Amino acid sequence: MEYAFRNIERKWQENWKASNAYKVSNESTKPKFYVLDMFPYPSGAGLHVGHPLGYIASDVFSRYKRLKGFNVLHPMGYDSFGLPAEQYAIEHGIPPAVSTDQNIATFRSQLDKIGFCYDWEREVRTSDQEYYKWTQWIFLQLFDSWMDRKLQKARRISELMANFEVEGNAANPCPGEKNLFFTAAAWLAFSDKRKAEILMQYRLAFCGIGEVNWCEALGTVLANDEVINGVSERGGHPVVKKKLRQWYLRITEYAERLLAGLQTVDFSESMKDMQSNWIGKSFGAEIDFELDLVDAPAEGKKLKVYTTRPDTIFGIDFMVIAPEHELVASITAAEQSTDVSSYIDYVNSRSERERMAEKKITGVFSGTYCKHPFVDRKIPVWISEYVLAGYGTGAIMAVPCGDERDFKFANHFNIPITNIIGSFYDGTEANPTKEAKLENSGFLNGLLMSDAIAVALDKLEGLGIGKRHTNYKMRDAAFSRQRYWGEPFPIVWKDDVAIPLSSAELPIVLPPMTDLRPGPDAQGPLANLPEWAAYEGGTREVNTMPGYAGSSWYFLRYMDPNNTDAFCSREASDYWGQVDLYIGGTEHAVGHLLYSRMWTKALFDLGYIGFDEPFKRLVNQGKIGGDSRLVYRIRGTKQFVSAGLKDQHETDELHVDVSMVDGLDLDMEAFRKWKPDFAEATFITEDGVYKCGSRLEKMSKRYFNVVNPDDIVERYGADTFRMYEMFLGPVEQDKPWDTKGIEGVHRFMKKLWRLFFDVEKGAVLTDATASDAAWKAFYKMVKKVEEDTARFSFNTAVSSFMIGVNDLTDLHCHSKDLLAKFLVVLAPYAPHIAEELWAVMGQSGSVLDASYPAVEEKYLLETSKEYPVAINGKTRTTLNLDINASQADVEALVLVDPIVMKWLEGKPPKKIIYVKNKMINVVLG
RNA sequence: GCCUCGGUGGUGGAAUUGGUAGACACGCAGGACUUAAAAUCCUGUUCGCCGAAAAAGCGAGUGCGGGUUCGAUUCCCGCCCGAGGCACCA
């Protein structure tokens, strides 16, 4: 009987489906375990062999946990809102809802073939009304919340209003408009509209004016990655910054908690680093400098700068403010006004891309000076684009001897440089050290810079001219898109005031549209439906939410997917709690992962869930690269030359479909039939074989190197495919796909099969118990597989299976008692064959719910060990010793060993090192 | 420039705590079975030296150069290369 994997896999997939084998209940006495995959965006291209890597890893782990007695939640769904479907609709006239459904059907059939243990009754689709109803609902909660900075906790807007009525906003400074202060009396006197404006400045989901990439030719707003070098990726049209009303999430209010929370989760160092770099926390001071105005109109104003190095305050040679700084106009001296306005024009003419691409040193003197607080020195104020308006205060104090950018600027404009660090500064480049002793620094003289920071801060605070201040690089997250295929906002505009709709009205259904042209005035396509937008004397918000809205909370919906009264019941989220294991790619490091962490914290603050970090552990699977095949056409001909001979000709390199190549050998007939262009191709071969070139690159349609998992499953079976993906290398590592290598795993499956069946004789199972040697080989394998699975070292677990099967084959082990246990250990990796053989053996129930065999240590006990014997650290021989041998026993035996004696040449050894259970090392004199 | 992770045979990779470097596979070479093929099985396979060959032996060897140690792929110092992320953030 042969290993008929196609029949076996089809049979069990149908069987498991019919018996609801993967249904997960929220009621269980077992401990819970939640394993989550990053759900896919259902693109039109379908899955290639790289995509399921993480899914297989999580599937193996889920099944392993189930066998170990856990109630395992392992769901799957689709992140089905997004740009590509909308683009596809514009180009092909197929509505996003339709193409998305088609794509999901394709994904589902591909996933099903691999035999995952998903509970499909819990599937979520972010574009489903029943799902996005709750996305809209959570948006309303964010809209109705503000961050109480003292409590570091989101609270309801009503509580904020109550507070304003009693004490104004003194205790709760405005995060949106930093200079806004009012008393309780003032608050009560404000108009309703003014009150709404002020509250908007506090809300966690808020509307403001922001810059977007506007492309006039396409009539649309583009995302940053759709803009390449200042022009649109599609069509190459110019893109300008345009100010538009936009929705935002006030994620900056969570900066501190997002940073602190990283210490409580098990993410890779690089992942944590990426997030903390993105948050970009820095400590420093805001310092006010008095302006010494010549004839400019900024009477009484001060220049506020942000610095992380207040210790260098005596090294200030000039100030720089951003061209967008609010003081630019008012501090410009009359004689400089022409220069300043032409500089501002120049800056405005440059796109952000240009500014980033060519970092020229540019700037202009404003004509105004500042007073130094401690020395009698006039400090010129310059305007330059190297200072960013959006960070800190948009103004800096420049210390050229300690800062590279300031140094270059000073050099370029011939500004004299003050040295405050003595020999640490050599006049040719800035030195950003903190280790120097300060000179020329008044009250800081003689102090180590790192110590002087606190001294300077105390002094500045004492004088009331400076304040300790923490800054973050992170910006609030833009939350609206001028697009169709996303969640509509549950917001209506009346008299420029945003009014939230009541949750009873949810979902706000996305109206069907076929023509997805952008609306007027840079609005989304929904603006073209005035009858939809009209709402009781107001107008609906016509922009939609971004792709990350739905994915910021989907892991909660899986816990309670059919709840019509809540996004997820508190009982369900209390039961399942945090995601214990989250597997996905690194591309979501700062987007999805930060947003979902923020949403979780907000829902926690508002009391809807009981945990404030969503993912306890994150594993990032690597990417599987494609192994491309190349052919070489002799320029200007239809003749192709084999790779080994290509250097003798002038050739052009072309990608050829990997399915027409066996190893490196091209199927020349298939190639001629591939494209009409190649019908008359002729070949210069090497001994009749055309050898292709190869290159590792991204798996992509355009390189013809995409391998479809369907084909692999058809040829080798799902179990082989699963095991091979795991065998390829560490999950977290990038690695190339090599279809040839799968043969080895497939051979292993067949070899395993032969422990149960002989081709001619049929079943070869015996009732006799296995030999001690077989048990030993088996438990050695179980121990290793279990350890490796638990630490996500799936590749070494697969090789342990191979070693185990090789050993059991050599030992002719066909014992039922042993092999039944074997199947349980194998089931997470290769569930179909395990279930089939389990049934064949007449075991009761399903192998999915068997219990994981405990390692019987008695079979693993050793009485002796083959010790390596090294001479001066280099292994020269081995010696079989009793496991309890003493140092004296060992020395006696080692000294009479012929090989050791040869090396000793009659002289006594200097030392004999014996490490029990490890090795022996003889050190020569 | 800064941060993180990597660099081991022809290839993917293993070596979990400083203890036999190259497990397990792929590929390749040779062989058995077969009319033949497939399938299966067996043997060999880091490089170099010695040798007719085999066995045995010797030398080198985990990106490079140093160091610590009886012993280093593993720890320390200094470089080189690759991947990813950030990037005028004061």
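Everything numeric in this text was worked out from a predicted model, so none of it was measured. We name chains A, B, ... by the order of the sequence lines, and we start the count at 1 in each one.
In this structure, A:Lys735 reaches the sugar-phosphate backbone alone: every heavy-atom distance under 4.0 Å involves primed, P, OP1 or OP2 atoms, never a base. If you check every strand for non-hydrogen atoms under 4.0 Å, A:Arg791 touches a base. Contacts of A:Gln733 with the nucleic acid, taken as non-hydrogen atoms under 4.0 Å apart, involve only primed sugar atoms and P, OP1 or OP2. No engagement by A:Phe801 is indicated, since no non-hydrogen atom pair under 4.0 Å with the nucleic acid exists. If you check every strand for non-hydrogen atoms under 4.0 Å, A:Asn921 touches a base. Base contact: A:Ile913 has a heavy atom under 4.0 Å from a base atom. Across all strands, A:Asn806 comes closer than 4.0 Å only to sugar-phosphate atoms, never to a base (heavy-atom distances). Among the protein residues, A:Lys902 comes within range of the sugar-phosphate backbone only, with heavy atoms under 4.0 Å from sugar or phosphate atoms but none that close to a base. Among the protein residues, A:Glu787 comes within range of the nucleic acid bases, having at least one heavy atom under 4.0 Å from a base atom. At a threshold of 4.0 angstrom between heavy atoms, the contacts of A:Trp753 with the nucleic acid are absent. When heavy atoms are screened at a 4.0 angstrom cut-off, A:Ser270 is found touching the sugar-phosphate backbone but no base atom.
Under the Watson-Crick or G-U wobble criterion, with both distances below 3.5 Å, B:rC2 is paired with B:rG85. Pair assignment for B:rA32: B:rU40, on the basis of Watson-Crick or G-U wobble contacts that are both within less than 3.5 Å. Taking a pair to require two hydrogen-bonding distances under 3.5 Å in either a Watson-Crick or a G-U wobble arrangement, B:rA52 remains unpaired. In this structure, B:rG27 and B:rU45 make a Watson-Crick or G-U wobble pair, each of the two defining distances being under 3.5 angstrom. As the counterpart of B:rG19, B:rC70 is assigned, both hydrogen-bonding distances of the Watson-Crick or G-U wobble pattern falling under 3.5 Å.
Under 3.5 Å, the side chain of A:Lys874 and the base of B:rU20 form no donor-acceptor pair of N or O atoms. At a cut-off of 3.5 angstrom, the base of B:rC86 holds no donor-acceptor pair with the side chain of A:Asn277.
Evaluated for a side chain to side chain donor-acceptor pair (under 3.5 Å) with A:Tyr716, the options A:Arg6, A:His746, A:Glu743 yield exactly one hit, A:Glu743.
For A:Met781 against A:Gly804, the heavy-atom pair with the smallest separation is SD-CA, 3.8 Å. Shown here for A:Leu755 and A:Val764, the closest heavy-atom pair between the two residues is O-CG2, 3.6 Å.
Mapping A:Ser282 and A:Met274 onto RNA chain B via the closest heavy atom, the residue that lands nearer the 5' end is A:Met274. If A:Trp278 and A:Val798 are placed on RNA chain B by their nearest nucleotide, the residue sitting closer to the 5' end is A:Val798.
For the OP1/OP2 pair of B:rA90 and a distance below 4.0 Å, the side-chain nitrogens and oxygens of A:Tyr391 include at least one atom meeting the criterion.
Here the side chain of A:Met802 is nearest to one of B:rA90, B:rA25, B:rG19, namely B:rA25.
In the displayed structure, A:Lys751 atom NZ is contacted under 6.0 Å by more than 12 heavy atoms of other residues, nucleotides or ligands.
Rounding to whole angstrom units, CH2 of residue A:Trp903 and C1' of B:rA56 are separated by 14 Å.
For the pair A:Asn872 (side chain) and A:Leu924 (backbone), a donor-acceptor distance under 3.5 Å is present.
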